[in-house]
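Here's a structure for you.
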Amino acid sequence: MNINTMLLTTTLISTLLISINFWLSQMTPDHEKLSPYECGFDPVGTARLPFSLRFFLIAILFLLFDLEIALLLPTPWAINLQSPTTTMSWISTILVLLTLGLIYEWQKGGLEWAE
């Protein structure tokens, strides 16, 4: 297959997909979709509304506990190393620290959305 045939094929497929998209898409705009923000509150008011500190803390906690996936992702490959006991001890240490942090936040009420 030469380059001209590939270029023609990709152009035809792209044009076909774009035209199907325009043909099948629903063009029924409503008030929420036409507003500049979709954040759940009226953007016309003042920009100096107080920000919920509880929301910020829960978002930070989510990020911290979500990073454990990045720390534990190489676990299946690390078990196949020559000394998997060291790897498993580090993984166990990370999991114990994260579990203790979760228990601490739970006991302090940091995971409660409403006071």
Side-chain angles (χ1 to χ4, degrees):
M1 186 182 271
N2 61 15
I3 191 79
N4 291 333
T5 309
M6 287 184 2
L7 186 63
L8 180 66
T9 305
T10 56
T11 304
L12 286 175
I13 290 174
S14 300
T15 306
L16 179 70
L17 289 175
I18 289 172
S19 57
I20 288 173
N21 181 31
F22 280 126
W23 181 55
L24 291 178
S25 66
Q26 295 179 359
M27 298 290 196
T28 54
D30 56 354
H31 177 70
E32 286 81 20
K33 288 187 178 181
L34 291 176
S35 68
Y37 303 106
E38 294 181 2
C39 54
F41 59 86
D42 189 18
V44 179
T46 178
R48 301 289 182 223
L49 292 174
F51 186 72
S52 172
L53 187 62
R54 173 85 51 195
F55 175 77
F56 177 73
L57 288 175
I58 289 179
I60 293 295
L61 284 174
F62 173 76
L63 288 175
L64 285 176
F65 287 113
D66 196 42
L67 285 178
E68 76 182 74
I69 294 172
L71 292 173
L72 298 175
L73 186 62
T75 303
W77 296 283
I79 290 174
N80 295 328
L81 292 176
Q82 293 176 357
S83 62
T85 55
T86 307
T87 305
M88 291 306 291
S89 64
W90 280 109
I91 291 169
S92 300
T93 304
I94 290 172
L95 285 175
V96 165
L97 285 174
L98 286 170
T99 305
L100 289 174
L102 178 64
I103 291 170
Y104 176 78
E105 286 296 326
W106 197 338
Q107 286 179 348
K108 292 295 181 181
L111 301 176
E112 298 293 327
W113 185 256
E115 295 181 25

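Both backbone and side-chain heavy atoms feed into the values below; hydrogens, waters and symmetry mates do not. Residue numbers run from 1 in the order of the sequence given.
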Quiz item: In Å, rounded to the nearest 0.5 Å, how long is the span from CH2 of Trp106 to CG of Leu102?
Solution: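 Here the interatomic distance stands at 6.5 Å.
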Practice problem: Would you check if the side chain of Ser14 reaches a backbone N or O of Thr11 as a donor-acceptor pair within less than 3.5 Å? | Solution: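 No, the answer is negative, given that no donor and acceptor are paired below the 3.5 Å cut-off.
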Quiz item: When rounded to the nearest 0.5 angstrom, what distance separates CG in Asp66 from CG in Leu61?
Solution: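 Taking CG in Asp66 and CG in Leu61, the distance rounds to 12.0 Å.
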Quiz item: About how many Å separate CD1 of Ile13 and CD1 of Ile18, when rounded to the nearest 0.5 Å?
Solution: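 Going from the CD1 atom of Ile18 to the CD1 atom of Ile13 covers 12.0 Å.
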Quiz prompt | Nearest-0.5 Å distance, OG1 of residue Thr15 to CD1 of residue Ile20 | solution =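 Answer rounded to 0.5 Å: 11.0 Å.
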Quiz item: What is the minimum heavy-atom distance between Thr10 and Leu7, and which atoms define it?
Solution: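 In this case the closest contact between Thr10 and Leu7 is OG1-O, 3.0 Å.
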Practice problem: For a side chain to side chain contact (heavy atoms under 4.5 Å, CB included) with Leu97, tell me which candidate from Thr99, Thr93, Leu95 qualifies. | Solution: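 The single option meeting the side chain to side chain contact (heavy atoms under 4.5 Å, CB included) with Leu97 is Thr93.
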Quiz prompt | Within one Ile-Leu-Val-Met-Phe-Trp-Tyr cluster: Leu12 and Leu17, side-chain cutoff 4.5 Å | solution =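 No, no single cluster joins them.
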